Structures are given as C-alpha cells and as structure tokens.
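A short write-up of the structure that comes next.
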Amino acid sequence: MATERYDHNAIEGRWQETWERDGAFRTKKDGAGDKYYVLEMFPYPSGKIHMGHVRNYSIGDVVARFLMMRGRNVLHPMGWDSFGLPAENAAIQHGTHPSVWTRENIANMKTQLGRMGFSYDWPREVATYKPDYYRWNQWIFLKLLEKGLAYKRRSHVNWCPGCATVLANEQVEDGQCWRCSSAVEEKELEQWFLRITAYAGELLDFTYKLPGWPERVLIMQRNWIGKSAGAEAVFKVADSSAEIRIFTTRPDTLHGMTFMSLAAAHPLTSKITTAERRAEVEAFAARVKAEAKPGRGAGEIKKEGVFTGAYCVNPLTGDKVPVYAANFVLMGYGTGAVMAVPAHDQRDFEFAKVYGLPVKVVINPPDATLDPASMQEAYVEDGVMVNSGRFNGMKNTEAMTAITAALAEAGAGRETVNYKLRDWGISRQRYWGCPIPVVYCGTCGTVPVPYEELPVVLPEDIKLTGKGASPLAEAEGFVNAKCPKCGKAARRETDTMDTFVDSSWYFLRYCSPKAETLPFDRSDAERWMPVDQYIGGIEHAVLHLLYARFFTKALRDLGLHGFDEPFKNLLTQGMVCKETRKCHAHGFLYPEEVRDGKCVQCGTEAKAGPVEKMSKSKKNVVDPDVLIDEYGADTTRLFSLFAAPPEKDLDWSEDGVEGAYRFIGRVWRLVLENMDTLNAAEPYAVGGATLEGSALDVHRATHRTIKKVTQDIEERFHFNTAISAIMELVNALYQFNEKDARPDVFKEAVEAVVLLLSPFAPHVSEELWQRLGNAEPVYKTAWPRPDPDALVADEATIVIQINGKVRSKVTVPVDAAEEFVKDAVIKDEKTAEWTKGKTLRKFVYVPGKIVNMVVG
RNA sequence: GCGAGGGUGGCGGAACUGGCAGACGCGCCAGACUUAGGAUCUGGUGGGCAACCAUGGGGGUUCGAUUCCCCCCUCUCGCACCA
C-alpha cells in the first residue's frame, strides 16, 4: 500500500485556519506563567514580504512558539511601519493614493505572513498611518514640547534632493541618503528638533547595562554618542568685544597654543575678520562650503586656512595669537573653534607647517626633550610639562585638572563634557507622515494644537507632484486654521514627522493597542515591558534602536511608565544573500535568464558573481510566495533557520531548500509508514521493564535530543544545531530495528521528534501530532522534558591517546575509579602494541573522557 | 588610520568552560527497490598507497590547542579631520 504523500498545501492551509478559528495565539491577558514579550521589527509595507522578513520572523516565531509550549505567557504582536516615502513615490508614479497603496500592501503582506504560519496576536496589530495611532505621536510631541524636549530652530540641515526632504544626522551615511543614496546637500531651514542630547549621558551609561545586546551594536551607539571629557575655555578677541569659546580634551596643552582655528562657517569668522582680510576670508569660506558636500567619509583632506587679521588672547598666558579660519574645523562639533597646539596635535601640526606658524612644545616625553625645529609629527602621548609657567614639572595628566582649575579661577573656562550626538531633526517636507501638531499665528506665534483637538488628521485630497515643497502647504483646507489661543486666522505647520518617530514607541502601543486616553496604559506597559527579545537587522544599530531608547527614557520622564530601557535582549540577524550572475552585455541576470551557464539573450557566458545581499537590482532575490507554493511554509522556515546561525549572513541555496523539504518528508514517512506500530504502542512507562540493546540506545538518544534542542533554543538561539540534532534522532529511528519489540520506546521518540520540530515547522507537526492520536494541538502541548535517568549512561567510552594521538578506545563503567581505568587501558591490545618496549612517563586521565599516555 | 568580528572538506556549517576536528545538511560515488526515476531506502565520502598531514601563515604555553598567548597575512562591517 502506497503511503499518503506529504501535501504541504493541504496541511498548511488547514492548520492556519484552525489556529485562526481557535484564536490560538491571542495573548492571555491574565494567563498563568511568567510574561515573555518577543518582538520582531515591524515591516514597512512595501508590497510583498522578502526573504529578510521571512528570516527575521521565522526566528521570532520559533522563540514565541517554544516559550508558549514552555508555559510562558507570551506576547507576540505584529504591525506596520506604514508612513514613508515609497507610498508617496508610488502615488506620483502610478497615481494611486498613498493610503490606498498602503492599505493594499498591508492586506497582501498580512496574507503572506499568515501563509508562513507565524503566531501573531493579530487583534493587537498597529499601523502607524492610522489616525488612532499617530494621534499619540502628536500627543507625545506636545508633551515633549511642554517639557522643552521639542523645539524649533533655524539651522543647517541635511537635504536629500532625491527624497526632497531633510534627513537626520543618523540618516546620512558617507554623505549620502541612507535610503536613496543621493548626495546630501546642506540647506538652512527652520526645523523641529527633539532634544535627544538631553539624554546623551544616560543613553551612553546604559550601554554598559545592556548585557543582552550584541557588543558591536553597543559600540556603534557609544561611538555615535561620542562622549569626550575636557574643558571649555573663552578667549577674548583683541580690540573687540567678541569672545571665542573653544572645547578641548587637552587643557594641559593650553600654553602650547600658537594660533586659533575657526570653522569657516563659524558666525565669528566674518564678524572679527579685518577689513583688509575680508575678501580673502569670504572667498575661502565660500570655497569650503562648496567643497564640504562630499566631505564626510572622504577621509582627510589637505589642510587649508586663511588668516582673519584678528588676534585672540590666551586667558592664562596673556599671549596674543592669530585667529585663522580653517577647512578642517567642523562647525557641527564642539563650538566650531579650536585652540591650535601644533606641537601636540597632528592636525594643528600639519596646518602650522603649511602656514609657517610657530610650534611650541609644552610636554616632553618622559625620557627625551623635543625640539620644535626638527619634529616630524605632533607628540600626542603623555609626558612632563615644560614652558608652562607654574605647571612645569607636573605630569601632563595632572596638569589637565590643574589648568582647568586655573581657567575656572580666571573666569575663563570650566571642566565640561562634549558629545558628538546632535539633536534629532524630525521635520520632513513630505506628505505621507504624521502632521506636526502646531499652528503659526501672526499674533501668538507658534501655538501647540490643544490636546482635545487631536488628531490633526492628514488630509486625503492632496496633489502629489514630487516637486519638493511640502505637499501639505498646497492643501488650503489643511493649512488654514484658527489660532487656538486668539481665534484669528493662522497657518498650520505643513511638515510631517520623521517616520522614525512612529517606530520609537510602537512596542509600547502593542501592550494596550486600544488605549484611548493615553498612548498606552501604564499597568499594561509595566506588565509586558521591557521586550524580552527583540529581533531585527543590524542596519538600525544607531537609528531606530537609539531613537527607541531615547523615547523610552523621555516617556518615563513624562511619567508614563517606570522603566529605563525598551529592549532587554537584542538579536541582530544576518542578511539573506545569494549568488549573483552577470553577463558582459546585459549585466545582472535572473536565474531564468541563464541557460547552460549562458545568457539567454546573447549567448555569452553568464559568470557566477559574488554572493551578495538579495536585492532586486542584483536580480538575486527569491520570492517567498513562490517558495511557499512549491515547498510550503514549513520548508521555507526550516531552511532559513537551518542554513546558518541567526546572527550570521545566510547563503541562499536552492539545494539546501530541497534538503529541508526532504527532511520533512522523511519525518512524514517515519510516522505514516509506521502507523500500525505506533497505534499499537502503549505509552512509555518510566520505571517499566529494563531496556537493553538498541531500544536503550533510542530511549537515551530521545532524551539527549530533547535536552540538546531545548538548550540550543533557550540558551543560544542556535536553531541550526537544534535542527541537526532532530535530524540525528530521525536518522537513528530509521535505523531502529527493534521498534516492533519496543513500540513504546519508538512512539516516545517519534512524539519527541514531532514536538521538538513544532516551533520550526509547525504545520506538519500539528498534522502528525493529530495523526498520532493526540486530541490537543501541539501548540497547547507542553514542551517535552528530558528524563534525567534516561540521560545517565552506565558505561563510558574512554578515548586512549598515546603521545597525544588517538590510538584506541576502551569501555568502562561510568563510575570506574582511575586505577580501574588505568588497568583496563593497559590491558587493551592496541594500546599494548603502541606502547610495547616503551616506558610510561606520564598517565593523564580526564574522568569519563580521555586518557593520554606519554611514553618514550 | 581607529574599532569590532571572521578565515575549518567541493559548499553551508558543527565542535558549550582546552580533551576523538569535520556533527547535520548539500553535492558527489556505489548499491537496493523499480518499466523508469531527478522519488525512496542503504552504504561510502578531508588529503595521502602508507607512516602520517590537515582548522589562513609562523612561533609559544600544555600530556593534549580550531579553542589560550605573541607576531604576521587576509576578508567583512562600523567610524573616520570629533579638537
């Protein structure tokens, strides 16, 4: 009789319906068990899910399902990061309204996630484009405004011509837009900012209190925050009322300052420039501004500058030194002004050499004396103070505090801490985002929209041209408003919020998605937060993950909850990659454009290119829908978890998918082909008849596998090794020739296989579990526990090494004493051969494991 | 330049605190069952005829090193004039 074939389509559809009907994954609000909040970064609804999503969400689903079976009370929600540019671009290109496009994409992707069998609590779904979500963005914004954590300022901003909007500093990578790679330009605009810098210290400190985060993410955040301790000093400009403020990490070198460098864009640069230098300085400033565009990331450029004609006075020495405008001084860091100490700073040294400025040594190495005339580079190490008046002879490290104190005494400075982190600019000149809830009144100025008028709804009727100005500015009905204070005609803010605002607190909304009086309910948030396990891509290391931490702290300080950090454990999964193929004439090729290693269009060789992150432009994408049709969700999930550990990049391989499919088929047949045996089996009774031979081996293997799979999932998220352990047990069961003698042992093992496999391949597991005669579905079944008695072996195999090389093995009782083992080893024939005629010099015994005999 | 993480069979990857290197899967080879099989099952599969040699290369510690230490090569990622 032919065995019924494994039909993934029928099985998966059936179980998805069952789960849906039973509300299987609804969070039990008052359920028993410790809470566990597992969260995957919610997707942007671009239209279809991609393999990156499949991997991300498969990892999360294993965690969620595993913990449900372990009896934890699991919160596992999903939603949509659904404001953003692609919707708007689609509208411009195809004439679809962003809201229509977004709704359709969400519907489609939700279906796809359903087809993957992910265990989400869908009734908690949030979508950031909906007024009932973004009204709370606005609410939070107003609270931040009240607290002084949101403010408006005219400033130099990053402008992306491709996206026709402003970008935050975090969204500029190597001078390019993080999204579209256009070269970012500088613009001066009136912008709303969130004062993330108020939390710089705390955000930094807590990076040392997040042991569940990958070290490299923490390091990236620390670098981005960029704390440095030093001093601030004020220099009076000679013959002027102006003062130049500088920040330095090396106050010890103050006496070695021989000139001052200002950023070309520094407001004082033009102010203090003398009449005769003006033309030159302005020309220089214009040139620096023009060159500054690609500047970031381009590495070091040649040091250039120009003398302003002005001098400033060293507050401690009274020395007058020239003030230069210099191209390497950044306006965006510190104060935009630098005290230049050529002897002890490499950049100042290079600059001084170009312009013939003096080099004054104030620190000597412990064992040498520096000669300014012959120095080839700045001396930046520690040493002993010289040429520094009363500080001479001190260690420079001591002089740092001493000189800072002297500055403070002179009223010309103080100890301070400086950060690279800038405030977060959130204004975006685009339509498809959350409106910023303020109005501008001719009489009252900037007026917040009253809380009771929220949400400020994004108007639906809008013309999108992609021309660049804020599209909302064209919407008369939106722009024209009444001043909430005086009632006169006023103008609404027409910029929208950066969509990273939306995603900075969505994990809180999931805790009480229907809350109507506050963004989230405090007790719900405190019940579920922090997220126990957060899973997503590394690309958000300093974007979303920093903003979300900031929001959590700011909301705490608004009194909305009482915890400090949003994500207890973070897993950053690797990218999904695949081999590329390229033809000289036609560039990247899809797999179907290659036949017999040749390009189907021109017949030239289609070269196998490097393995790269899946992307449409490289034509190396795999469509999850196609995979699900062909192999099913279980196979898709299983392969993406088996092929590599989650944090590493995954090389997609069609053959590997095939392998995963085969394995599921193998488990399927293991059950169906042995149905009679399994049906006849009594449950395995602990303490029943003594086992021996292969039945004992299988019984022990079953419990060892349970132990290993449990540990691999729970302790390390090493799903690849967990799956391989299940495969080993399945292989052993195919070899089990006494299954009819001990059907109980066989059935115990088969049931373990099905249960252990269920977080990875839930549909086929449900199906087999039911066919094994279980009334309760797998997801409600307790995760198996290894029987400690079954794990104990009564014999141990001792590996025998002779001079470090494996030569033989011997089996002894586990509790054998060393003398007994030594005796057994010496009696071993092979061992005797290898040691014949030699003297035993050393006998090393690692109990239960290995013997190493050193002979000679 | 600075910082972090990698380099193990033909390929993806195992080896948790030093203890049988290459689990598991792919691929490949052979056999069985078949009209047939790209299905399935079984066996084999790092190199070398062997002694032996093999975890990027070279040193070291150790009875014993993929694992610990030092030097070097290489790849990936992040930062990059941050005063």
Side-chain angles (χ1 to χ4, degrees), chain A residues 3 5 173-174 214-224 226-228 230 246-250 253 261 263 295-303 326-330 332-341 344-348 350-351 418-421 538-539 541-542 575 611 638-639 642-645 647-660 662-663 665-666 669 673 708 711-712 715-716 718 720-728 730-731 734-735 797-809 841-846 848-855:
Chain A
T3 308
R5 272 204 53 189
E173 297 171 346
D174 289 345
E215 194 59 26
R216 62 183 184 133
V217 173
L218 296 173
I219 288 168
M220 279 191 244
Q221 293 210 351
R222 282 174 207 146
N223 289 342
W224 186 262
K227 178 179 178 173
S228 34
I246 62 105
F247 169 75
T248 181
T249 54
R250 294 296 303 273
T253 64
S261 303
R296 282 183 67 115
E300 289 171 31
I301 51 167
K302 210 175 133 217
K303 300 208 169 24
N327 66 342
F328 65 93
V329 179
L330 305 170
Y333 180 77
T335 61
V338 180
M339 71 170 202
V341 185
H344 304 293
D345 181 281
Q346 186 58 23
R347 294 153 303 187
D348 297 340
E350 288 167 25
F351 191 87
N418 192 59
Y419 294 95
K420 280 199 263 184
L421 183 69
I538 187 91
E539 66 273 16
V542 284
M575 296 182 296
V611 173
L638 195 69
F639 174 72
F642 177 65
E647 65 279 2
K648 282 187 69 168
D649 286 352
L650 181 155
D651 279 6
W652 194 263
S653 127
E654 200 66 32
D655 289 334
V657 177
E658 198 76 48
R662 263 202 303 256
F663 172 65
R666 214 165 137 77
R669 288 186 296 277
E673 288 172 1
K708 168 145 180 73
Q711 284 178 340
D712 281 353
E715 293 167 17
R716 315 194 295 163
H718 278 203
N720 55 332
T721 53
I723 293 166
S724 80
I726 303 171
M727 288 172 166
E728 281 183 80
V730 170
N731 291 345
Y734 267 82
Q735 302 291 319
T797 302
I798 305 295
V799 172
I800 302 171
Q801 292 188 338
I802 291 156
N803 289 343
K805 292 199 162 49
V806 178
R807 297 302 186 195
S808 185
K809 279 171 198 179
R841 304 204 185 274
K842 193 162 185 177
F843 185 89
V844 182
Y845 175 54
V846 181
K849 279 188 178 163
I850 201 164
V851 158
N852 191 12
M853 295 171 79
V854 184
V855 298

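When reading the values below, keep in mind they use all heavy atoms of this one structure, side chains included, and skip hydrogens, waters and symmetry mates. All of these numbers come straight from a predicted model, not from anything done at the bench. Below, read A as the first sequence line, B as the second, and so on, with proteins coming before strands; counting in each chain starts at 1.
Backbone-only engagement by A/S228 is indicated by non-hydrogen atom pairs under 4.0 Å involving sugar-phosphate atoms exclusively. Nucleic acid contact class of A/G334 (heavy atoms, under 4.0 Å, all strands): none. Backbone-only engagement by A/V854 is indicated by non-hydrogen atom pairs under 4.0 Å involving sugar-phosphate atoms exclusively. Residue A/V329 is classed as a base contact, given a heavy-atom separation below 4.0 Å to a base. Using a 4.0 Å heavy-atom criterion, one finds that A/S653 contacts no nucleic acid atom at all. Counting any heavy atom pair closer than 4.0 Å across all strands shown, A/V806 reaches sugar-phosphate atoms only and no base atom. A/D649 comes within 4.0 angstrom of the backbone, heavy atoms only, and of no base.
For A/L650 and B/G12, the CG to P distance is 12 Å, given to the nearest whole Å. Per the geometry, CD1 belonging to A/I538 stands 12 Å off C1' belonging to B/U76, to the nearest Å. At whole-Å resolution of the value, CZ in A/F663 and P in B/C26 are 11 Å apart. When the C1' atom of B/G64 is taken as reference, atom CZ of A/R841 falls 18 Å away, rounded to whole Å. The interatomic distance linking A/N223 (CG) with B/A80 (C1') rounds to 10 Å, in whole Å. Taking atom CD1 of residue A/I723 and atom C1' of nucleotide B/G12, one finds them 13 Å apart after rounding to whole Å. Between A/D655 atom CG and B/G10 atom P the separation is 18 Å, expressed in whole Å. The interatomic distance linking A/K303 (NZ) with B/A83 (C1') rounds to 12 Å, in whole Å.
Ranking B/C20, B/A15, B/G13 by closeness to the A/Q801 side chain, first place goes to B/C20. Taking only side-chain atoms of A/V844, from C-beta outward, the nucleotide of B/C63, B/A4, B/A15 with the closest atom is B/C63. When distances are taken from the side chain of A/M727 to each of B/A83, B/A4, B/G25, the shortest belongs to B/G25. Listed candidates were B/G13, B/G19, B/A4. Nearest to the side chain of A/N852 is B/G19. For A/R716, whose side chain is taken as the heavy atoms from C-beta onward, the closest listed nucleotide among B/C77, B/G19, B/A15 is B/A15. For A/P645, the side-chain atoms get nearest to B/G13 when compared with the rest of B/C16, B/G13, B/G3. Checked against B/A14, B/G25, B/A83, the side chain of A/F642 finds its nearest nucleotide in B/G25. Closest to the side chain of A/Y333, from the set B/G19, B/G27, B/A83, is B/A83. Taking every side-chain heavy atom of A/A644 into account, B/G13 is the closest of B/G19, B/G13, B/C24. Here B/C52 is the nucleotide among B/A83, B/C24, B/C52 with the atom lying nearest to any side-chain atom of A/R807.
Between the side chain of A/N720 and the backbone N or O of A/A644 there is no donor-acceptor pair closer than 3.5 Å. A donor-acceptor pair is defined here as one N or O able to donate and one able to accept, closer than 3.5 Å; such a pair exists between the side chain of A/N327 and the backbone of A/K302.
Shown here, B/G47 is classed anti by the O4'-C1'-N9-C4 or O4'-C1'-N1-C2 angle, which is more than 90° from 0.
Cation-pi geometry between A/K303 and A/F328 is met: the NZ or CZ atom falls under 6.0 Å from the ring centre, inside 45° of the normal.
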Worksheet item: Taking only Watson-Crick and G-U wobble pairs with both distances under 3.5 Å, what dot-bracket line describes RNA chain B, where [ ] shows pairs that cross earlier ones and | shows pairs with another strand?
Response: (((((((..(((......[....)))((((((.......))))))((....))..(((((..]....))))))))))))....
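With both ends at atom P, the span from B/G27 to B/C77 equals 30 Å, rounded to whole Å. Annotation: B/G13 and B/G56 have their P atoms spaced 15 Å apart (nearest Å). Between B/U55 and B/G9, the two P atoms lie 9 Å apart (nearest whole Å).
Note that the CE atom of A/M339 and the CZ atom of A/R250 stand 8.5 Å from one another [nearest 0.5 Å]. Atom CD1 of A/I798 is separated from atom NZ of A/K809 by 11.5 Å, given to the nearest 0.5 angstrom. Atoms CD and CG, on A/E350 and A/D345 in that order, are 9.0 Å from each other to the nearest 0.5 Å.
Between A/N731 and A/R666, the closest side-chain pair of non-hydrogen atoms falls below 4.5 Å.
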Item to complete: Scan nucleotides 34-48 of chain B nucleotide by nucleotide, 5' to 3', and note B when protein non-hydrogen atoms come under 4.0 Å of the base, S if they reach only the sugar-phosphate, - if neither.
Response: ------SSSS-----
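Using a 4.0 Å cut-off, no side-chain N or O of A/N720 falls inside it from OP1 or OP2 of B/G25.
At a cut-off of 3.5 angstrom, counting only N and O atoms as typed in the model, there is a donor on one side and an acceptor on the other between the side-chain of A/K809 and the base of B/C20.
For A/V542, the side chain to side chain contact (heavy atoms under 4.5 Å, CB included) criterion is met by A/M220, A/Q221, A/W224, not counting sequence neighbours. Residues that satisfy the salt bridge (charged side-chain N to carboxylate O under 4.0 Å, His left out) test with A/R216, not counting sequence neighbours, are absent from this structure. Partners of A/A722 according to the side chain to side chain contact (heavy atoms under 4.5 Å, CB included) rule, which considers only residues two or more places apart in sequence or in another chain, are A/V709, A/D712, A/I713, A/F760. With sequence neighbours excluded, the residues satisfying salt bridge (charged side-chain N to carboxylate O under 4.0 Å, His left out) with A/E215 are A/R222.
Comparing A/Y419 and A/N803 against RNA chain B, the residue whose closest nucleotide sits nearer the 5' end is A/N803. Residues A/A725 and A/A643 each lie close to RNA chain B; by heavy-atom proximity, the contact nearer the 5' end of the strand is made by A/A643.
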Item to complete: Go through A/K708 and A/T721 one step at a time and tell me if the side chain to side chain contact (heavy atoms under 4.5 Å, CB included) criterion holds.
Response: CA-CA 9 Å; A/K708 168 145 180 73; A/T721 53; 4.1 Å; yes
